Amino acid sequence: MITITFPDKSTRQYEPGTTPLQIAESISTRLAQDILAATVNGAEWDISRPINEDAEIKLFKWDDAEGKHAFWHSSAHLLAEALQELFPGVKFGIGPAIENGFYYDIDPNGNTITAADFSRIEAKMIELAQKKEAIVRADISKDDALKMFGDRGEEYKCELISELEDGHITTYTQGAFTDLCRGPHLPSTAPIKAVKILSLAGAYWRGDEKRNQLVRVYGITFPKKKMLDEYLVMLEEAKKRDHRKIGKEMELFAFSANVGAGLPLWLPKGAALRDRLEQFLRKIQKRYGYLQVITPHIGNKNLYVTSGHYAKYGKDSFQPIHTPEEGEEYLLKPMNCPHHCEIYRSAPRSYRDLPMRLAEFGTVYRYEQSGELHGLTRVRGFTQDDAHIFCAPDQIKDEFLKVMDIIFYIFKALKFDNFEAQISLRDPNNKQKYIGSDENWHLAENAIIEACAEKGLNARTELGEAAFYGPKLDFMVKDAIGRRWQLGTIQVDYNLPERFQLEFTGSDNQKHRPVMIHRAPFGSLERFVAVLLEHTAGKLPLWLVPDQCVVLPISEKFNDYARRVAAELNEADIRAIVDDRNEKIGKKIRDNELKRVPYMLVVGEKEAQNDEVSVRKQGEGDKGTMKITTFAKYLTDEVASMINQ
RNA sequence: GCCACAAUAGCUCAGUCGGUAGAGCAUUUCAUUCGUAACGAAAAGGUCCGGGGUUCGAACCCCCGUUGUGGCUCCA
C-alpha cells in the first residue's frame, strides 16, 4: 500500500498504481466529476496517471488556475486535432494554455485559414470532443520521437525535441492526433462542451522576429455552454470600457492622421483632467521635498552620446534634427534624465544638498514601432511624471521607500487596488546587454529587493527585464480586457552619475559619486489616464471628472436661474455647466446620465423661488431638494474627503 | 517592423451581382415651455481614407500608400 497525504495533512492508504481520479472517487463522486488536474509531490500530474509511491497530493477543479490550465491545454490539443483534419498538411508549433483560454501556433503550409473558418473549426472541435476519446500519455525515446515527428514533416516539433533530454520526453495522443507534450492533460476530451475560436494573429516561431512567422489561433473553451455565454457577455462589456471609446465620448483626446500616428491631441476637457492629475501629484511631491524643474524638448546629440542612450537607441529613435549651421545635431528628448543630470551639474553639490529630488512633467518622444501603437497606452509623444533623486549611496533604500509611499498613496486615492509589482533584474547569462559594473548592479538590485521586503510588497522577480542601465521595480495594472500595462516605475541607476561625472563633497571634504533614482508614479499621464478610464468605465472620481454637475432647467423660462446657480457653484470652485437646450427634462436627464455627469441639478419654479436645487445623482436617481449653498458644501466636502485621506 | 483584418455623414453602422449613396443618433430651423432616462415636423450634412489601375461604368475588383484593430517582436 502507498500513503497519500492531502493538503490538510490527513492521510489515506491506496494500492500502488492508483490515479488521482480514483483517489477523488474514493472521497466523493462529486469531487471525481469536478477534478481536472493534480499535483503529486509538487509535480504536475494527469489525474489518470498512476501513483506508485507515497506522495503528497493536491487536486484541482475548474475554479483553480491549475484546473483551468489542464482544461485549456487539452483544448489546445483538441484544436490541433481539428486543424489537422480540416487543413491537411499544417505543421504544428506550440499550443499552450494561457490566462484566458489557449492558442496553437501553426504553419499553414499552403492552407489559408481566416476568420470565416472559425465556425467550422468550432464545430469540428465539438464533434471530436463528443467522441470522448481518451488522452493517453506515453514515454518515448528521443530517437523515436525525432523519427515519429520527422516522418510527419513536423520540423518545429523536431527542433523542440532535439533540445530535450532523452528519457524525459512524453507524448499525448487523442484519436488521430499525437503531440509532443509534457502535460498534464484531462483524461479525455469529453468535458469540453463549449468552444469559441477568438482570433488569428501572426507570431514568430519561438518569439524570434528573424524566424518564420506562424499563424496563432486563439480560442477558449468551457465545461458548460452557459459559462461560454457569460464569458462572451463579459468580453462585450469590457469593450464598452475601452479608453479609446470613452475618450471619444467624453471629448478627452483625439488623434489625427495629419498630425501623425501615436501623437495624441488633448482636447479641452482632457487637458483640464490632466492638469488636475498634475496638481494632485505636485502637491504630494512638494510634501516629500521635490523641486520642480523645466527642461527643453530637444537636446544636443552629444548629451545622449554621453548618457549612452544614443549608442543603445540612436538608430531606433526619431532621427537627429539638423540646424542651418553645419554639423549641429539635436534629438527630440526620449527621456528627461540627461537634462536633469545637467541641472545637477550646474553647481557644486554638498552632501548637505542631498537627497536632491528634481521633478518635471517632461514630454518625451520615442519612435515606437508602428504596430505597437495603441490608443493612449502606447504612443510616440507622451508626458512622464518624472523625477530624479540624486542621493548618497547610504540614502538609497530610504529614498526608495519614500517613493513607494507616494506610489501607494496615488494608487489608493484612485482605487487601483489590483496592481501587481515586478522586480526586474539583469539577465545573469547575458551581461553584455547592460552597461555598468557588476558591483554597482549588485548594490542596486539588493537595494530594490530589500526595500520591497521591508514594505512587505509581494513582487514578482523577473530576470532579464531590467533596463540596460539598471534594475527596476514596476507597478502594473490590467486594462479592461486583461492586458497588463506598466504604470509606476522606480529605477536605481549607478551608471548615469558615472557617465556624467556627477559629484558631491562629503562631510570628509572628499568628492563622492551620487546615486540616481528614476521614478514616475503614473508612468506617463497618457497611459495613466487610459487605464484610469478603463478601470472606472469613464465614471471618474468626483475630484477628477471634467463636469462635476450640470444644471437642468425644466424649461427655457428657468435658464436664467440655472445660469445663476452654475455661476454660484463656479465661484465655489465647483465645475458646473448648464444644459439650456430646448429639450424636455427627461431627455436632458437621459443625455447627462449617458455622459456620466455625477450630479444633475434640476431647477424649475419651486427651486427658483427658494434658491434651491433638486439633486439627482448619476446612476442613483433623485436625492431631494436643498439650498444651493448646502449642495456646494456637500460636494466640496465629498471632494476633500477623496484627496485628503 | 512582421502576420491577419478593417476604413462609407460629426457618431454608430447598412449598402445585394460592379450600374450615379442610405438609416438611427447628433446638428440647424420650426413647433412646444414641459418636473427626474428619448415629444413632434422639416432641412442640411458625403474626396465612400488617399493615389494609381481594370472596366462603357468602381464604395464594391487589382496594386501602392495612410490610418486603425487583434496579436507577434520591441518598449530608455
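Since the structure is predicted, the reported quantities are computational estimates derived from the model, not experimental observations. Below, chains carry the letters A, B, ... as their sequence lines are ordered, and counting in each starts from 1.
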Query raised in the report: How does each nucleotide of nucleotides 5-17 of chain B score, in 5' to 3' order, for protein heavy atoms under 4.0 Å: base (B), sugar-phosphate only (S), or none (-)?
Result: -------S-----
Query - Listed nucleotide nearest any side-chain atom of A:A203, set B:G35, B:C75, B:C72 - result: B:C72
Query - Nearest-Å distance once atom P is located in both B:A59 and B:U54 - result: 16 Å
Requested in this report: Provide, to the nearest angstrom, the distance between the CG atom belonging to A:D591 and the P atom belonging to B:G24.
Outcome: 18 Å
Report task. Grab the CH2-C1' distance between A:W205 and B:G71 for me, whole Å please. Result -> 17 Å
Query raised in the report: Do other residues, nucleotides or ligands put more than 12 heavy atoms under 6.0 Å from A:K623 NZ?
Result: yes
Report summary line: Between A:D208 and A:V603, whichever has its closest RNA chain B nucleotide further toward 5' is A:V603
Query raised in the report: Across the strands shown, which category fits A:A201 at heavy-atom distances under 4.0 angstrom: base, sugar-phosphate, nothing?
Result: base
Requested in this report: Please determine which of A:F318, A:F468, A:Y365 meets the ring pair (Phe, Tyr, Trp, His ring centres under 6.0 Å) test together with A:Y313.
Outcome: A:F468
**Report entry** A:K606, nearest nucleotide to its side chain (from B:G68, B:G35, B:A76)
**Finding:** B:G35
**Report entry** Between B:C25 and B:A41 - P atom distance, rounded Å
**Finding:** 10 Å
Report task. Check whether the side chain of A:R378 and the base of B:C74 form a donor-acceptor pair under 3.5 Å. Result -> yes
Query raised in the report: Pairing of RNA chain B as dot-bracket, 5' to 3': ( ) intra-strand, [ ] crossing, | other strand, . unpaired, with Watson-Crick or G-U pairs under 3.5 Å?
Result: (((((((..((((.....[..)))).((((.........)))).....(((((..]....))))))))))))....
Query raised in the report: Mind checking the P distance from B:U8 to B:U69? Whole angstroms is fine.
Result: 14 Å
What pairs of nitrogen or oxygen atoms, one from the protein and one from nucleotides 62-64 of chain B, lie under 3.5 Å apart?
none

Report task. Determine, using ring centers only, whether A:H518 and A:Y469 are less than 6.0 Å apart. Result -> yes
Report task. Would you tell me if any nitrogen or oxygen in the side chain of A:R581 comes within less than 4.0 Å of OP1 or OP2 on B:A26? Result -> no
Requested in this report: Ignoring backbone atoms, test whether A:R206 places a side-chain nitrogen or oxygen under 4.0 Å from the OP1 or OP2 oxygen of B:C72.
Outcome: no
Query raised in the report: When the C1' atoms of B:U32 and B:C17 are considered, how many whole Å apart are they?
Result: 49 Å
**Report entry** Under-4.0 Å salt bridge between A:D547 and A:K269
**Finding:** yes
Query raised in the report: Can A:R426 and A:E465 be counted as an ion pair, charged N to O under 4.0 angstrom?
Result: no
Query raised in the report: Given atom CG of A:D316 and atom C1' of B:C74, what is their separation to the nearest angstrom?
Result: 9 Å
Report summary line: When rounded to whole Å, the CZ to P distance for the pair A:F468 and B:C74 reads 17 Å
Query - From B:U33, B:G35, B:A76, nucleotide with atom closest to A:E607 side chain - result: B:G35
Query raised in the report: Within 45 degrees of the axis of the six-membered ring of A:Y103 and under 6.0 Å from its centre: does A:R216 put its NZ or CZ there?
Result: yes
Report task. Please state the C1' separation for the pair B:G15 and B:U29 - nearest whole angstrom. Result -> 30 Å
Report task. Count the heavy atoms belonging to other residues, nucleotides or ligands that lie under 6.0 Å from CD of A:Q501, then report whether that count exceeds 12. Result -> yes
Query - Nearest listed nucleotide, side chain of A:I585, among B:U36, B:A76, B:G68 - result: B:U36
Report task. State which of B:U36, B:G35, B:C39 makes the closest approach to the side chain of A:E583. Result -> B:C39
Query raised in the report: Starting at CG of A:L594 and ending at C1' of B:A26, how long is that distance when rounded to a whole Å?
Result: 13 Å
Query raised in the report: Ring centroid separation for A:Y218 and A:F102, is it under 6.0 angstrom?
Result: no
Report summary line: Closest of B:U66, B:A76, B:U27 to the A:A257 side chain is B:U66
**Report entry** Worked check of salt bridge (Lys or Arg N to Asp or Glu O under 4.0 Å) between A:E462 and A:R460
**Finding:** CA-CA 7 Å; A:E462 293 285 344; A:R460 189 172 68 247; 3.2 Å; yes
Query raised in the report: Using the P atom in both, what is the distance from B:G65 to B:U12, to the nearest Å?
Result: 27 Å
**Report entry** Gap between atoms CD and P, on A:Q491 and B:A76 respectively (whole Å)
**Finding:** 8 Å
**Report entry** A:S555, nearest nucleotide to its side chain (from B:U36, B:G71, B:U33)
**Finding:** B:U33
Query raised in the report: Hey, are A:K588 and A:D591 close enough for a salt bridge, meaning a charged N less than 4.0 Å from a carboxylate O?
Result: no
Query - Check ion pair A:D579-A:K595 (N to O, under 4.0 angstrom) - result: no
Query raised in the report: Is it true that A:H535 and A:F416 have ring centroids separated by less than 6.0 Å?
Result: yes
Query raised in the report: A:G604 near the nucleic acid: base, sugar-phosphate alone, or nothing, with a heavy-atom cut-off under 4.0 Å?
Result: base
Requested in this report: Mind calculating the distance between CG (A:D242) and P (B:G70) to the nearest angstrom?
Outcome: 7 Å
Query raised in the report: Would one find a side-chain N or O of A:K587 under 4.0 angstrom from OP1 or OP2 of B:A26?
Result: yes
Query raised in the report: Quick one: which of B:C75, B:U67, B:G35 gets closest to the side chain of A:R366?
Result: B:C75
Query raised in the report: Is any side-chain nitrogen or oxygen of A:R244 closer than 4.0 Å to OP1 or OP2 of B:G70?
Result: yes
**Report entry** A:S199 side chain near B:G71 phosphate (N/O to OP1/OP2, under 4.0 Å)
**Finding:** no
Report task. Tell whether A:Q213 reaches the base of B:C2 with its side chain through a donor-acceptor pair below 3.5 angstrom. Result -> yes
Query raised in the report: P atom, B:G18 versus B:A58: distance in rounded Å?
Result: 14 Å
Query raised in the report: Does A:H374 make a side-chain N or O approach to OP1 or OP2 of B:G70 shorter than 4.0 Å?
Result: yes
Report summary line: In whole angstroms, the gap separating C1' of B:C3 from CZ of A:R211 amounts to 17 Å
Report task. Check whether any side-chain nitrogen or oxygen of A:Y367 sits under 4.0 Å from OP1 or OP2 of B:G1, and answer yes or no. Result -> yes
Query - Base of B:G1 paired with side chain of A:Y204 (donor-acceptor, under 3.5 Å) - result: yes
Report task. When you get a sec, tell me which of B:G1, B:C39, B:U33 is the closest nucleotide to the side chain of A:N582? Result -> B:U33
Query - NZ/NE/NH1/NH2 to OD/OE distance under 4.0 Å, A:E360 and A:K333 - result: yes
**Report entry** Value rounded to 0.5 Å, distance of CD1 in A:I435 from CD in A:E498
**Finding:** 10.0 Å
Requested in this report: Determine the contact category for A:G260: base if any of its heavy atoms lies under 4.0 Å from a base atom, sugar-phosphate if only primed atoms, P, OP1 or OP2 are that close, otherwise nothing.
Outcome: nothing
Query raised in the report: Below 3.5 Å, does any donor atom in the side chain of A:R216 face an acceptor in the base of B:C3, or the other way round?
Result: no
Query raised in the report: Are any of the side-chain nitrogens in A:E534 or A:K245 under 4.0 Å away from the carboxylate oxygens of its partner?
Result: no
Query raised in the report: Think A:Y313 has a side-chain N or O under 4.0 angstrom from the OP1 or OP2 of B:A76?
Result: yes
Query - Nucleotide nearest A:Q369 (side chain, heavy atoms from C-beta), chosen from B:G68, B:C74, B:A37 - result: B:C74
Query raised in the report: Would you say A:E251 has more than 12 foreign heavy atoms packed within less than 6.0 Å of its CD?
Result: no
